[in-house]
Colleague: 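My structure is below; once you've seen it, I'll send some questions.
Both ligands and their constituent atoms are indexed starting at 1 by order of listing.
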Amino acid sequence: MSNPSNETEWYQQSVEETARLLDTSPHDGLSEAEAARRLQQYGFNELIDRGGKSPWKILLEQLTGIMTVVLVIAGVISFILGDKEDAIAILAIIVLNTALGFSQEYRAEKAMAALKKMSAPLVKVRREGHTREISSREVVPGDVVLLEAGNLIPADGRLAEAVNLRIQEAVLTGESEPVEKITAPIAKEHPPLGDQRNRAFMGTLVTYGRGALIVTATGMRTELGKIAEMLQTVGQEKTPMQKRLEQLARTLALAALGIVVIVFGLGILRGEDIRLMFLTAVSMAVAAIPEGLPTVVTIGLALGAQSMLKRNALIRKLPAVETLGSVTTICSDKTGTLTENRMTVTVLDVANYELDLKEQMQNFSPRVRRDQVEPVLRENGAIPLVLTAGALCNDAVLEADPRRPDEYTSVGDPTEGALVIAAARAGLWKEELEQIFPRAAELPFDSERKRMTTVHRVPQSALPDLYAGFFAEGREPYIAFTKGSVDGMLEVSTAVWVEGKIVPMDDHWRERIRQSNDKLARGGMRVLGMAYRLRSSDAVNAADDPLESGLIFLGMAAMMDPARPEVFDAVQTAKQAGIRPIMITGDHPLTALAIARELGIAASERVITGAELARMDVPALAQAVKEVSVFARVSPEHKLKIVEALQSNGEIVAMTGDGVNDAPALKKADIGVAMGITGTDVSKEAADMVLLDDNFATIVAAVEEGRRIYENIRKFIRYTLGSNLGEILVVLGAPFLGMPIPLTPLQILWVNLVTDGLPGLALTVEQAERGTMRRPPHPPRENVFARGLWGNIFYAGFMMTVLTLIVAYSAWSMGLEAWRTMAFTTLTLAQMGNALALRTGSESVFREGFFKNRAMIGAVLLTFVLQLAVVYVPFLQPFFATQALTAAELGVCLLANAAMFGLVELEKRLRR
Ligand code: ATP
């Protein structure tokens with residue numbers, strides 16, 4: 001292969017020449033071996049991300065953090081004043097602190113980067129003659145990428161096929177109007193990108209039609225890659241909680257300054273040693289600043305995102321983790337989210353004949369065998385015509401199962417797959433049908449029209465008898481097949497095929513078709529109508545005679561799509577948790593209601609249709625959404641209106657979507673949810689969360705995780721601020737009892753370091769409490785400190801102080817030499833007692849299981865061991881001004897630990 005680059009004027013080359021230059025085949029693509037080789041040569045198809053922080057940057061930020069700076073100044077002053085030991089100890093604290101802060105930030109960054117990588121979209125490529133799905137990162141020059149509406153173009157390339165293909169290239173050209181694409185070479189010299197209509201560029205998006213693209217450049221060699229430097233300015237969005245905590249950290253930093261002044265001033269007035277007072281004041285300032293708080297929140301959220309991933313919910317935007325906890329309404333699509341999207345044609349209905357196939361379809365088996373022809377499907381002459389129309393007006397294909405080569409399954413949209421399989425069971429194989437009636441043009445399906453049309457050439461030669469019915473009234477060079485929602489088909493059909501005759505569509509027939517349709521829909525089935533029309537040309541947009549008009553209605557196919565078994569329970573869980581599930585579907589109202597009832601979603605018998613919705617204004621809709629939980633025949637733009645109506649009622653809305661047009665609603669919703677399997681790239685791009693299994697139950701699981709994480713972060717805040725308050729109050733309170741300051745500066749720094757560290761982090765991995773999904777969502781715009789958090793913090797801080805001062809005062813007045821060490825140890829252990837108790841918000845820790853959080857038990861034990869080391873290891877004693885405690889003295893400190901635990905448990909009990 002000659003070296004592909006953007007130097008070649010690809011737009012001037014023919015498709016064949018492009019393929020030759022890139023040593024590939026538009027039809028078969030590359031071989032896997034060659035693709036692997038090129039991946040080696042050209043690297044992953046990705047833009048080099050400069051958004052993330054490098055370890056150096058994290059380190060630098062740690063070293064320039066306000067707390068480090070304060071400590072450095074304190075260390076330098078100590079050193080200058082000749083206090084070598086303090087200076088060394090402060091240095092050690094700085095190192096430990098930086099290490100802790102660094103590892104926290106680094107973990108948070110890593111977790112974020114992992115999430116980003118996960119969200120690389122999948123693309124369809126042709127390789128070795130087959131269609132494969134690969135990660136867009138693995139696309140190489142020479143790959144043939146298949147494009148359809150909703151795709152993001154994964155790399156730059158030359159179009160080999162383009163059927164009604166329209167691409168929106170605003171990222172590159174700024175032009176928001178989609179460009180109609182072609183495949184023919186362009187003779188001009190250096191046309192601007194927007195005029196290179198036979199090429200497609202990375203990062204642009206397909207809004208309509210389909211195509212195939214021969215990749216010419218990947219990664220940083222693409223047009224987008226060239227300007228990538230400019231695009232990589234996107235900062236990480238901060239969550240409301242993060243913002244609030246950063247604000248708090250700033251306020252507390254100011255408060256810290258105040259404390260420094262007060263403590264220092266008071267000390268001097270009392271005639272204390274200036275050096276000691278200076279260091280004490282600085283240490284207290286350090287204790288007062290909850291530096292780690294915002295980082296721990298990030299870690300908590302990022303770890304939360306990882307645990308959500310284990311439950312199949314991929315978080316794309318970190319704030320979603322936080323918002324998920326307060327979701328009050330989940331608006332869900334029906335097909336594939338509430339149901340399995342395993343469609344099987346179970347009833348065929350034509351004029352004067354209905355064929356129920358439930359038995360023949362062998363438990364809804366989605367496969368078909370070559371030799372298997374169901375005779376019933378050939379008994380009535382209209383059925384094969386309906387099946388032929390359904391199979392030809394269709395983009396799904398049959399592929400042999402590699403393990404069982406005589407069995408075929410469908411690939412593509414399940415609705416279409418069901419039709420292809422049903423036809424094959426009648427001996428009408430799509431491939432063979434297309435040889436007889438080759439496709440000449442098409443009008444793709446879209447969820448506004450809710451139908452699709454293909455135009456086929458009619459052969460000049462004799463046709464099998466089977467199809468004679470289409471040409472009862474003569475032949476034309478083309479035949480168009482349309483399939484779509486029955487209500488819509490009735491609007492564009494003017495005749496009905498009745499036992500070989502074409503009769504006008506009068507009220508009688510219209511009513512009959514409608515009744516059959518409703519009956520089938522009431523059974524929870526999706527019903528599609530099939531129609532045809534002979535045409536003299538294959539023009540798709542003849543203004544005077546639109547393709548989808550004057551059709552001859554052939555009949556209907558009804559398909560079953562079973563509800564997902566796990567959704568029933570998920571709906572119950574959601575309701576118990578005060579979250580309302582709402583169904584929004586493009587399907588028929590009766591089909592929607594039947595499934596909604598089965599799943600327990602329908603709150604009333606009322607269904608609002610898209611047509612009604614269109615007539616309502618937002619206030620009227622806001623009133624209606626309070627009662628109605630099922631919306632049917634809805635188009636994507638209606639979804640936006642529903643979100644707005646719900647939000648105007650104060651609801652926090654999660655909304656699912658999969659199509660190109662769903663993007664605005666997903667963006668507007670508080671949590672936009674895209675489908676991992678069936679969703680378009682555009683919808684994923686717009687979403688906050690992607691369901692890897694397309695399953696409604698996963699949304700509920702993610703909400704549960706969101707609530708758990710939110711509560712855990714609150715526990716962490718409660719713990720950290722309570723501890724900090726305790727440290728400060730002990731130092732401030734002692735002089736009022738007439739005793740000297742009980743803690744040395746280094747002891748203060750130590751307590752702050754060890755307690756904020758491990759036990760705090762252990763709180764963020766606490767499991768969900770029992771009642772998590774049995775209480776209503778916390779109020780949407782709630783302050784993190786709401787529901788008595790400040791009260792909890794002050795209570796814990798005061799109790800810690802009281803316990804420490806009681807121990808310190810008694811020991812001091814008894815003249816015990818180790819009274820300071822006892823105060824120091826009591827404070828540390830009281831904090832451990834606090835950590836152990838506030839693992840649960842209001843329940844007793846024993847109900848949840850005292851040893852359930854292993855990380856917490858480990859963290860507490862480790863902290864205890866470290867404290868013993870500081871107290872008993874002779875080498876450390878001079879630094880921390882500690883003395884070995886007797887067993888009795890240590891016992892007293894441990895008692896204080898137990899007392900602290902008991903006091904917090906008592907508070908919970910009183911609150912209950
Ligand atoms: P939900 O919103 O519950 O997920 P959906 O997204 O599958 O449903 P659409 O795909 O918009 O809904 O389909 C709406 C209607 O369009 C269907 O009820 C059906 O009548 C019709 N329809 C769906 N798929 C096709 C298709 N491939 N060809 C023709 N008509 C279709």
Colleague: P581 and V571: which non-hydrogen atoms are nearest, and at how many Å?
Modeller: CG-CG1, 3.9 Å
Colleague: Under 3.5 Å, is there a donor-acceptor pair linking the side chains of N695 and E566?
Modeller: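 Side-chain D/A pair, N695 to E566: present.
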Colleague: For the 3.5 Å polar cut-off, considering only N or O atoms, please tell me whether D658 and ligand 1 meet it.
Modeller: no
Colleague: Less than 6.0 angstrom separating the ring centers of Y408 and W429, yes or no?
Modeller: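 That pair passes the under 6.0 Å test.
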Colleague: Please list the nearest protein heavy atom to atom 18 (O) of ligand 1 with its residue and the distance rounded to 0.1 Å.
Modeller: D587 OD1, 2.6 Å
Colleague: Kindly confirm or rule out an N or O of K334 lying under 3.5 angstrom from an N or O of ligand 1.
Modeller: yes
Colleague: Considering K483, E448, M343, K639 one by one, which has a heavy atom nearer to atom 29 (C) of ligand 1 than any of the others?
Modeller: K483
Colleague: Answer yes if the side chains of S604 and E627 hold a donor-acceptor pair under 3.5 Å, and no otherwise.
Modeller: no
Colleague: Looking at atom 6 (O) of ligand 1, is any protein heavy atom nearer than 4.0 Å to it?
Modeller: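 Looking at atom 6 (O) of ligand 1, one finds that no protein heavy atom lies closer than 4.0 Å.
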Colleague: So, are K334 and D587 salt-bridged, with charged N and O less than 4.0 Å apart?
Modeller: yes
Colleague: Geometry only, no angles: is G586 polar-contacting ligand 1 at N/O separations under 3.5 Å?
Modeller: yes
Colleague: Please write down residue, atom name and distance for the protein heavy atom closest to atom 11 (O) of ligand 1.
Modeller: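 For this ligand atom, the closest protein heavy atom is S447 CB, 3.2 Å.
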Colleague: Is ligand 1 less than 4.0 angstrom away from at least one heavy atom of R633?
Modeller: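 For ligand 1, residue contact (heavy atoms, under 4.0 Å) with R633 is present.
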Colleague: May I ask you to identify the nearest protein heavy atom to atom 8 (O) of ligand 1, giving residue, atom name and distance to one decimal place in Å?
Modeller: T335 OG1, 3.2 Å
Colleague: E416 to ligand 1: N or O pair under 3.5 Å?
Modeller: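 Indeed, backbone or side chain, E416 has an N or O that close.
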Colleague: Could you tell me, atom by atom, which parts of ligand 1 come under 4.0 Å of a heavy atom of K450?
Modeller: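 Result: 15 (C), 16 (O), 21 (C), 30 (N).
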Colleague: Roughly how far apart are F553 CZ and M530 CE, rounded to 0.5 Å?
Modeller: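 CE of M530 is found 8.0 Å from CZ of F553.
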Colleague: So, are D487 and R633 salt-bridged, with charged N and O less than 4.0 Å apart?
Modeller: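 Yes, charged N to carboxylate O under 4.0 Å.
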Colleague: Among all protein heavy atoms, pick the one closest to atom 9 (P) of ligand 1 and tell me residue, atom and distance.
Modeller: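 It is F445 CZ, 4.1 Å.
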Colleague: How long is the gap from CG on N380 to CG on L348, to the nearest 0.5 Å?
Modeller: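 Here the interatomic distance stands at 10.0 Å.
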Colleague: Can D545 and R535 be counted as an ion pair, charged N to O under 4.0 angstrom?
Modeller: yes
Colleague: Check each atom of ligand 1 against the heavy atoms of L528 and keep those under 4.0 Å away; list them by number with element.
Modeller: 19 (C), 20 (O), 21 (C), 22 (N), 30 (N), 31 (C)
Colleague: Measure M489 to ligand 1 on non-hydrogen atoms and call it side chain, backbone, both or neither using the 4.0 Å cut-off.
Modeller: neither
Colleague: What atoms in ligand 1 come closer than 4.0 Å to a heavy atom of D413?
Modeller: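 Taking each heavy atom of D413 in turn, ligand 1 has 27 (N) under 4.0 Å.
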Colleague: Could you check whether E476 pairs with R457 (Lys NZ or Arg NE/NH1/NH2 to Asp/Glu carboxylate O, under 4.0 Å)?
Modeller: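 A salt bridge is absent here (no side-chain N lies under 4.0 Å from a carboxylate O).
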Colleague: What atoms of ligand 1 come closer than 4.0 angstrom to any heavy atom of G484?
Modeller: 29 (C), 30 (N)
Colleague: Tell me the contacting part of M583 for ligand 1: side chain, backbone, both, or neither, using a 4.0 Å heavy-atom threshold, strictly below.
Modeller: neither
Colleague: Does either side chain, that of T698 or that of D693, offer a donor lying less than 3.5 Å from an acceptor on the other one?
Modeller: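 The answer is yes; a qualifying pair exists.
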Colleague: Is the closest heavy atom of T337 to ligand 1 under 4.0 Å?
Modeller: no
Colleague: Flag the pair K483 and E416 as a salt bridge only when some basic side-chain nitrogen lies within less than 4.0 angstrom of an acidic carboxylate oxygen.
Modeller: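 Salt bridge: yes.
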Colleague: Which ligand 1 atoms, with their elements, are less than 4.0 angstrom from a heavy-atom of S485?
Modeller: 20 (O)
